[in-house]
Amino acid sequence: MTAALPPGLAAAVRTAGAGYAVFDADGTLWSDDVGEACLRHFVHLGWVKLPGGRDPYEAYEEAVARDRATGYAYAAQLFAGLPAAQVQAEAMRFAASWVPQRLLASTQALLAACRRAGLACAVVSASQLDVVRAAVPHAGIRWDRCAGMSTTIDDAGLYTATLALPLTYGEGKVAAAKAQQFWPIALAGGDSHTGDLALLSAARVPVVVSVNGPTPLREEAVRRGWAIFDE
């Protein structure tokens, strides 16, 4: 079932002006976190390991608890030593079964309205870049209009642990949008106060996607008079 945009939001999209519609991915385009789900999948396959047999996913959760930006980046660093082509192919297979059933009808309606208004749709996510690139076509966004946490790839085609900057979280999402030339931001959509507030603040039309009831970002949106789109 396709959600309908509230009249005020529909009008705001039509008059947003030229530029990009830039979206967060997890919790905004789809429910749940594709980066975390795919990381668990790779751990289950035995591809992602840590010395001494420590659980990589547990290490990731501890890193996120210490600091979200570097914790989400650590998920990308856990791919170090893996062939990028192998990860990309498996991420595509995983996303094909994981994403479609989790797409948010509200955001699908918003994306359709953005396209009708002539806005180019893009994604800036805190999940690992190649996982996000595998996932976004299922939401109707081009894979090459994505930014995410990434590390360099060496001459042998293997991921390294060297992070590419900026880290795509908080203010880093705005920096990444500029670096990728997803600019100006006519409209932005997100669901996380710490992760997406800067991105939303940079947009002419900020839209908060609200799935789980009251949140700090929803409260901020009410205070600023931003659009709130309930799933």
Side-chain angles (χ1 to χ4, degrees), residues 5-6 8-9 12-13 16-17 19-36 61 63-76 104 106-107 109-111 113-114 119-129 132 135-136 139 141 145-150 163-231:
L5 265 63
L9 178 54
V13 174
Y20 280 82
V22 183
F23 292 83
D24 169 51
D26 304 311
T28 300
L29 297 180
W30 47 72
S31 59
D32 304 321
D33 189 311
V34 72
E36 292 182 346
E61 290 184 312
V64 171
R66 289 191 296 270
D67 178 77
R68 291 188 180 184
T70 57
Y72 295 140
Y74 178 63
L104 299 180
S106 58
T107 315
L110 181 55
L111 283 164
C114 289
L119 300 177
C121 297
V123 167
V124 180
S125 170
S127 287
Q128 198 271 350
L129 176 61
V132 178
V136 296
I141 296 174
R145 285 186 181 158
C146 286
M149 296 293 187
S150 61
L163 288 166
L165 299 177
L167 301 184
T168 49
Y169 190 80
E171 293 287 349
K173 288 197 172 188
V174 178
K178 288 181 178 178
Q180 295 295 321
Q181 299 183 17
F182 304 153
W183 202 265
I185 302 177
L187 179 145
D191 73 303
S192 166
H193 187 267
T194 54
D196 300 327
L197 181 60
L199 181 67
L200 292 164
S201 298
R204 292 195 289 269
V205 179
V207 182
V208 172
V209 179
S210 181
V211 178
N212 298 317
T215 65
L217 184 59
R218 187 186 182 102
E219 293 174 5
E220 184 73 12
V222 170
R223 187 178 70 81
R224 296 199 192 189
W226 290 352
I228 301 171
F229 204 2
D230 291 300
E231 174 60 19

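The side-chain contact (heavy atoms from CB on, under 4.5 Å) test with F229 is passed by exactly one of T107, D191, L9: L9.
Contacts of D196 classified as salt bridge (Lys or Arg N to Asp or Glu O under 4.0 Å), with partners at least two apart in sequence or in another chain: K173. Every residue two or more places apart in sequence or in another chain that forms a ring-ring contact (aromatic ring centres under 6.0 Å, His included) with Y20 is listed here: F182.
Residues S210 and I228 approach most closely at CB-CG2, 4.0 Å, considering heavy atoms. Looking at every heavy atom in both residues, L119 comes nearest to A186 through CD2-CB, 3.7 Å. Taking all atoms of both residues into account, the shortest heavy-atom contact from P166 to A176 is CG-N, 3.7 Å. Listed here is the closest heavy atom pair of V132 and S125: CG2-OG, 3.5 Å. S192 and L217 make their closest contact through N-CD2, 3.4 Å (heavy atoms, listed as atom of the first residue, atom of the second, distance). Among all heavy-atom pairs drawn from C146 and V136, the shortest one is SG-CG2, 3.3 Å.
More than 12 heavy atoms of other residues, nucleotides or ligands sit less than 6.0 Å from atom CZ of R145.
Proximity of R204 to P184: side-chain heavy atoms (C-beta onward) are separated by under 4.5 Å at one or more points. Residues I141 and L29 are in side-chain contact: their nearest non-hydrogen atoms beyond the backbone lie under 4.5 Å apart. Under the 4.5 Å side-chain criterion, counting only non-hydrogen atoms from C-beta, S106 is not in contact with D230. The shortest distance between side-chain heavy atoms of L104 and S31 falls below 4.5 Å. Within the 4.5 Å cutoff, side-chain heavy atoms of F23 are placed close to those of L187. Looking only at side-chain heavy atoms (C-beta outward), W226 and S201 come within less than 4.5 Å of each other.
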ask   = Between H193 and T215, is a side chain to side chain contact (heavy atoms under 4.5 Å, CB included) present by the stated rule, with each step listed?
value = CA-CA 8 Å; H193 187 267; T215 65; over 6 Å; no

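A distance of 12.0 Å separates OH of Y74 from CD of E61, quoted to the nearest 0.5 Å.
A donor-acceptor contact closer than 3.5 angstrom is absent between the side chains of T70 and Y169. With 3.5 Å as the limit, one finds a donor-acceptor pair spanning the side chains of D26 and S127.
A donor-acceptor pair under 3.5 Å is formed between the side chain of T168 and the backbone N or O of M149.
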